[in-house]
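When a ligand or atom number is given, it counts from 1 through the structure's own listing order. Because only heavy atoms are used, hydrogens play no part in the values below, and waters and symmetry mates are left out as well, while side chains stay in.
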Amino acid sequence: MGLFDKEQVILVTGASSGIGRACANELVREGATVVASGRDARKLEDARTSSSYPERWHCAPLDLAGNIDRLADWVREQRQKYGKFHGLLHAAGELVFDSLEGLTPDQARKHFELNFLAPVFMAQAFARKENCHDNSSMVFLASISGEHPEKGLLLYGSAKAALIAAVKAMSQELSIRGLRANCLSPAMIDTPMLEGMRVRLGDDYMRREIARYPLGLGKPGDVANLACFLLSQKASWITGQNFTLDGGEI
Ligand SMILES: NC(=O)c1ccc[n+]([C@@H]2O[C@H](COP(=O)([O-])OP(=O)(O)OC[C@H]3O[C@@H](n4cnc5c(N)ncnc54)[C@H](OP(=O)(O)O)[C@@H]3O)[C@@H](O)[C@H]2O)c1
């Protein structure tokens, strides 16, 4: 028997790629039904058809950029279609490189909208009494950059740090209903996002970075295993935490 049953519906953002896709796959393998979101409807449908249980994988494309004001309606529509939620896994996000010198207010606003405001307002919509069961669980993809931002990750690191703080605060507010909220902060995980980093910083940089991981580069499944546990009732006394996954990085 898995961690979930098919009546347990989990909303997964970023499900068209990388970590979010691996989480959605693992959740259906563990018995849950997922409502899988991403920007690209075609990639979402590919992910659905290649999952082990496509009948418990529903596609719900949405571009979060510019749609924060619509989130409450969108979550309500998904709940009316698929039933009250038991969990939220928010993986949608984007890595941008910047420099203090070149930063523009517009770039900063856009970045914070996707990597900070979108998860916070997704949490607000999800946590409404009519949308989720009491004792539901939310898991957000932050990043090791939220605690240790490197050069070039001013916006990315700051947005993830803000997300970690917001999740701690919301966990306190929501605990009265038994609702839980936690963050995962991975170091380098082998996904299309990392490929963008390789293109930008080069193969030598990537080789040096990967050499710092005693257990090798992380895989999306490494993150999905912990996400599934935190979304399940096995983690019913765990909230307000930020879990580092770094393969022992030195
Ligand atoms: N990979 C790593 O090393 C790493 C490390 C630490 C933290 N993280 C975090 O983990 C999360 C997932 O990253 P990943 O590596 O799996 O990246 P990825 O493979 O590039 O996937 C990113 C996902 O976010 C979705 N997305 C991006 N912009 C969106 C928008 N405007 N509206 C809706 N969805 C949007 C993408 O949808 P489309 O495919 O449809 O565009 C995709 O499903 C991110 O929050 C990232 O910051 C990653």
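Here is the list of ligand 1 atoms found below 4.0 Å of a heavy atom in A65: 31 (N). For ligand 1, the atoms closer than 4.0 angstrom to any heavy atom of L62 are 32 (N), 33 (C).
Within 6.0 Å of atom NZ in K219, 12 or fewer heavy atoms from other residues, nucleotides or ligands are found, so the atom counts as exposed in its surroundings. For CG of D69, the number of neighbouring non-hydrogen atoms (other residues, nucleotides, ligands) closer than 6.0 Å is 12 at most.
Side chain of Q8 to main chain of D5: a donor-acceptor pair is present (N/O by atom type, distance under 3.5 Å, no hydrogens or angles). Listed for the S175 side chain is no donor-acceptor partner under 3.5 Å among the backbone atoms of G178. The backbone N or O of R70 sits nowhere less than 3.5 Å from a side-chain atom of N67 that would complete a donor-acceptor pair.
Under 3.5 Å, the side chains of T13 and H90 contain a donor-acceptor pair of N or O atoms. Side-chain atoms of N242 and S185 include a donor-acceptor pair closer than 3.5 Å.
Considering P192, G93, G18, A118 only, the shortest heavy-atom separation from atom 22 (C) of ligand 1 involves G93. Between R42, K43, R39, H90, it is R39 that holds the heavy atom closest to atom 27 (C) of ligand 1. The closest non-hydrogen atom to atom 12 (C) of ligand 1, taken over A91, G38, G20, comes from A91.
Annotation: atom 14 (P) of ligand 1 to nearest protein heavy atom, T191 OG1, 3.6 Å. For atom 32 (N) of ligand 1, the nearest non-hydrogen atom of the protein is L64 N, 2.8 Å. For atom 13 (O) of ligand 1, the closest non-hydrogen atom of the protein is M193 CE, 3.7 Å. Nearest protein neighbour of atom 5 (C) of ligand 1, counting heavy atoms only, is A187 O, 3.1 Å. Counting only heavy atoms of the protein, atom 19 (O) of ligand 1 lies nearest to S17 OG, 2.6 Å. Of all protein heavy atoms, the one lying nearest to atom 6 (C) of ligand 1 is P186 O, 3.2 Å. The nearest heavy-atom contact from the protein to atom 31 (N) of ligand 1 is D63 OD1, 2.9 Å.
Geometrically, ligand 1 and G14 share a nitrogen or oxygen pair separated by less than 3.5 Å. For ligand 1, the polar-atom distance check against D40 finds a nitrogen or oxygen pair separated by under 3.5 Å. Taking any N or O of I19, backbone or side chain, at least one lies under 3.5 Å from an N or O belonging to ligand 1. Remark: ligand 1 and S143 share no N or O pair separated by less than 3.5 Å (distance only, no angle test). Considering backbone and side-chain N/O of I189, one or more are found under 3.5 Å from N/O of ligand 1.
Taking the ring pair (Phe, Tyr, Trp, His ring centres under 6.0 Å) definition, one finds that H111 meets it with nothing, sequence neighbours left out.
Ring geometry, Y82 versus H58: the interplanar angle falls under 30°, so the pair is classed parallel (tilted spans 30 to 60°).
Annotation for M197: hydrophobic cluster partners, listed by chain and number, are L95, F97, L153, Y156, M188, M193, L194, L201, Y205, M206, I210, Y213, L217 (ILVMFWY side-chain heavy atoms under 4.5 Å, direct or chained).
With a heavy-atom cut-off of 4.0 Å, L194 touches ligand 1 through its side chain alone.
With respect to the salt-bridge test (charged N to carboxylate O, under 4.0 angstrom), the residues E113 and K110 do not qualify.
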